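Notes follow the structure.
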Amino acid sequence: MAEAVFPGSFDPVTHGHIDIITRASEMFDTVTVAVLSHPDKVGFFSVSERIKLLQHEIAQLSPKLAGNVRVDSFSGLLVDYLDERKARIIIRGLRAISDYDYEVQMALMNKSLNEDIETVFLVAREANSFISSSIVRQVATLGGDISKFVPAGVVKAVLSKIRSKKGKSR
């Protein structure tokens, strides 16, 4: 069975991420959405919160699509994680030409670290081409409406997190 790994921070998960997950699940037998756990970075959401949000949103997909998607986390080199999973395909989404430059560098580095690894690029749909987790966080923090960019459950989680952070800073 062909397993593909879609790595990222997913902090928070966006409609763009869900679209890539959906399309990848139609192409591969199994898709593992791998949340990067970076010990030196403090995320907006914890890794466990991001995993829960992803699991919730994936459960909203059709049973056929959701059935071949799993959520996991990893730290360290992505190629090592793929080795552990016995996977050899990395899924990456491309929004703009600026993503392409960076993603090709990463794909070439991963290929040089493990020649069996292949990277498959999925181009974002036009409606999602400008959405990024960092922009979503910024808009939400400044009081803007993010409901067009992330699923409803994620909107609630983001707003709750912002309220809790404001409460702690008082």
Side-chain angles (χ1 to χ4, degrees), residues 4-28 31-38 40-62 65-66 68-74 78 81 89-111 117-166:
V5 174
F6 180 34
S9 63
F10 307 102
D11 193 21
V13 60
T14 68
H15 286 311
H17 294 131
I18 298 299
D19 179 53
I20 297 295
I21 292 165
T22 300
R23 290 164 50 203
S25 72
E26 294 169 341
M27 299 169 65
F28 298 96
V31 175
T32 299
V33 180
V35 178
L36 174 61
S37 173
H38 195 294
D40 296 335
K41 288 188 178 180
V42 177
F44 186 77
F45 288 106
S46 70
V47 170
S48 63
E49 288 171 322
R50 288 181 260 163
I51 288 171
K52 286 178 186 166
L53 287 170
L54 279 159
Q55 289 171 330
H56 175 77
E57 294 311 321
I58 289 166
Q60 307 306 306
L61 302 175
S62 75
L65 296 178
N68 71 335
V69 178
R70 64 183 297 277
V71 182
D72 196 9
S73 66
F74 76 101
L78 178 58
Y81 178 74
I89 301 165
I90 299 170
I91 299 291
R92 296 300 295 162
L94 297 175
R95 293 172 302 195
I97 197 72
S98 56
D99 285 348
Y100 179 79
D101 289 339
Y102 173 77
E103 293 296 345
V104 166
Q105 287 179 345
M106 291 304 297
L108 292 171
M109 178 56 76
N110 288 328
K111 188 77 167 164
I117 301 293
E118 295 293 343
T119 301
V120 174
F121 297 111
L122 296 178
V123 177
R125 296 187 192 283
E126 186 177 357
N128 299 322
S129 64
F130 63 93
I131 301 171
S132 72
S133 295
S134 58
I135 291 175
V136 166
R137 289 191 311 269
Q138 184 176 19
V139 168
T141 302
L142 295 173
D145 179 9
I146 58 170
S147 62
K148 291 184 272 186
F149 315 121
V150 298
V154 176
V155 172
K156 288 168 66 173
V158 168
L159 295 178
S160 175
K161 181 67 77 171
I162 290 170
R163 281 192 296 274
S164 105
K165 286 184 178 194
K166 283 183 181 176

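The model shown is predicted, which means the values in this text are computed figures rather than measured ones.
- Between Tyr100 and Phe121, the two ring planes are tilted [angle within 30° to 60°].
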inquiry  = If you apply the rule side chain to side chain contact (heavy atoms under 4.5 Å, CB included), what do you find for Leu122 with Met27, and how did you get there?
reply    = CA-CA 11 Å; Leu122 296 178; Met27 299 169 65; 3.9 Å; yes
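- Residue pairs meeting the side chain to side chain donor-acceptor pair (under 3.5 Å) criterion with at least one member in residues 143-152, sequence neighbours excluded: Asp145-Ser147.
- Residue Ile146 holds its CD1 atom at 9.5 Å from NE2 of His15, rounded to the nearest 0.5 Å.
- For the pair Pro151 and Glu57, the tightest heavy-atom approach, listed with the atom from each and the gap, is CB-OE1, 3.1 Å.
- The shortest distance between side-chain heavy atoms of His17 and Ile20 does not fall below 4.5 Å.
- In this structure, CD1 on Ile131 lies 12.5 Å from CZ on Arg125, to the nearest 0.5 angstrom.
- Atoms CD and CZ, on Glu49 and Phe44 in that order, are 9.0 Å from each other to the nearest 0.5 Å.
- What you find for Ser9 and Val35 is that their closest heavy atoms are O-CG1, 3.9 Å.
- Within 6.0 Å of the NZ atom in Lys52, the count of heavy atoms belonging to other residues, nucleotides or ligands does not exceed 12.
- The CG atom of Leu65 lies 5.0 Å from the CD atom of Glu26; values are rounded to the nearest 0.5 Å.
- A donor-acceptor contact shorter than 3.5 Å links the side chain of Thr141 to the backbone of Arg137.
- From Gln60, atom CD reaches atom CD1 of Ile18 across 9.5 Å, with rounding to the nearest 0.5 Å.
- Between Leu53 and Ala157 the shortest heavy-atom distance is CD2-CB, 3.8 Å.
- A heavy-atom distance below 4.5 Å is found between the side chains of Ile21 and Leu54.
- Counting heavy-atom neighbours within 6.0 Å of Gln55 CD, excluding the residue itself, gives a total above 12.
- Side chain of Arg23 to backbone of Val123: a donor-acceptor contact under 3.5 angstrom is found.
- Distance OG1/Thr119 to CD1/Ile90: 4.0 Å, rounded to 0.5 Å.
- Formation of a donor-acceptor pair under 3.5 Å by the Ser129 side chain with backbone atoms of Glu126 is found in this model.
- Two residues are said to be in side-chain contact when any heavy atoms from C-beta on lie closer than 4.5 Å; Val120 and Phe28 meet this criterion.
- Taking the side chain as every heavy atom from C-beta outward, Val5 and Phe74 never approach each other to under 4.5 Å.
- Within the 4.5 Å cutoff, no side-chain heavy atoms of Ser132 are placed close to those of Thr14.
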inquiry  = Using side chain to side chain contact (heavy atoms under 4.5 Å, CB included), reason through Tyr81 and Asp72 one step at a time and then give a plain yes or no.
reply    = CA-CA 10 Å; Tyr81 178 74; Asp72 196 9; 2.6 Å; yes
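- With hydrogens and angles disregarded, a donor-acceptor distance shorter than 3.5 Å links the side chain of Ser133 to the backbone of Pro12.
- Asp11 and Gly43 get closest at one heavy-atom pair: OD2-CA, 3.3 Å.
- Every residue was checked against the ring pair (Phe, Tyr, Trp, His ring centres under 6.0 Å) condition with Phe45, not counting sequence neighbours, and none meets it.
- Panel note: side chain Arg95, backbone Asn128; no donor-acceptor pair is recorded below 3.5 Å.
- Closest heavy-atom contact between Ser25 and Val69: CB-CG2, 3.7 Å.
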